[in-house]
Amino acid sequence: ATPSITSATALQPLPEGGRDTASTGNAAVASTDTGETLGISTAGLEATDGYYEVWLIDPETMQMFSIGSIAAGDQDSVLPIPAGVDLDQYSVVDISDEPLNGDPTHSKVRVLRGQLPA
C-alpha cells in the first residue's frame, strides 16, 4: 500500500539556534502498513564535522527524543517513528548539528525546526 501523508510542516532556520544557515526543509508524517514514518526533505544543509540528528519535541515540557540522523546537503530521508508516540504531544520536529563526542543528548545547536499541525 502507498503511504498516506497524515501531517506535514515546513522546517525553518532558527535565528537563535546557534548557526546562520540558508538551509530549508520539510517534514511529513506518513502512515504505512508497518507504522508511522517521518519523511525529512532538506535543501542546503551545510557540511558538518559531526552529523544531523532529528528530534521530536513536546513543546509544553521540552521533553525530546531522537528518531535518527540525516546527512548534510540536499537529502530525502525516511525515519521510523517509534510505536506509541503521540504526535499531538511530540509535535515539534527539530534538526540539530551534533558533534561526534559520544554524548547522546541534544547539542543545543538547532539548525531547522517546524511544528506539525494538530
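Given the structure is predicted, the values throughout are model-derived calculations rather than measurements.
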Check [X] against [Y] and note the closest heavy-atom contact, atom names and distance.
{"X": "Ile70", "Y": "Thr42", "result": "CD1-CG2, 4.0 Å"}
{"X": "Glu98", "Y": "Trp55", "result": "OE2-CZ2, 3.7 Å"}
{"X": "Ala72", "Y": "Ala47", "result": "CB-CA, 3.8 Å"}
{"X": "Leu112", "Y": "Pro13", "result": "CD2-N, 3.6 Å"}

OG of Ser31 to CD of Glu36: how many Å apart, nearest 0.5 Å?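 Answer for the OG-CD pair, Ser31 versus Glu36, is 5.5 Å.
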How long is the straight-line distance from CG of Leu79 back to CG of Leu56, given to the nearest 0.5 Å?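 Output value for this atom pair is 9.0 Å.
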Just to verify, which of Val93, Ile57, Thr9, Leu11 counts as forming a side-chain contact (heavy atoms from CB on, under 4.5 Å) with Arg113?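 The single option meeting the side-chain contact (heavy atoms from CB on, under 4.5 Å) with Arg113 is Ile57.
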Does Phe65 belong to the same Ile/Leu/Val/Met/Phe/Trp/Tyr cluster as Val54, with side-chain heavy atoms less than 4.5 Å apart forming each link?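 Yes.
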For the hydrophobic clusters of this structure (ILVMFWY residues joined by side-chain heavy atoms under 4.5 Å, transitively), does one cluster hold both Ile81 and Tyr52?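 Per the 4.5 Å side-chain linkage, Ile81 and Tyr52 are co-clustered.
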Hey, is CG on Asp49 packed in by over 12 heavy atoms from elsewhere, all under 6.0 Å?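 Atom CG in Asp49 is not crowded, with 12 or fewer foreign heavy atoms closer than 6.0 Å.
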Would you check, one step at a time, whether the test side-chain contact (heavy atoms from CB on, under 4.5 Å) holds for Met64 with Asp94? CA-CA 9 Å; Met64 66 182 75; Asp94 180 280; over 6 Å; no
Provide the full list of side chain to side chain donor-acceptor pair (under 3.5 Å) pairs with a residue in residues 66-85, sequence neighbours left out, each pair given once.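 Pairs touching residues 66-85 that pass the test: Ser41-Asp76, Glu53-Ser66.
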For residues 82-91, please give each side-chain donor-acceptor pair under 3.5 Å, one per line with the distance, not counting sequence neighbours.
residue, atom, partner, partner atom, Å
Asp86, OD1, Asp88, N, 2.8
Gln89, NE2, Asp58, OD2, 3.0
Tyr90, OH, Gln63, OE1, 3.4
Tyr90, OH, Gln63, NE2, 3.4
Ser91, OG, Gln115, NE2, 2.6

With a 3.5 Å distance limit and no angle check, can you tell me whether Thr32 reaches the backbone of Thr34 through a side-chain donor-acceptor pair?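 Yes, because the side chain of Thr32 sits within donor-acceptor range (under 3.5 Å) of the backbone of Thr34.
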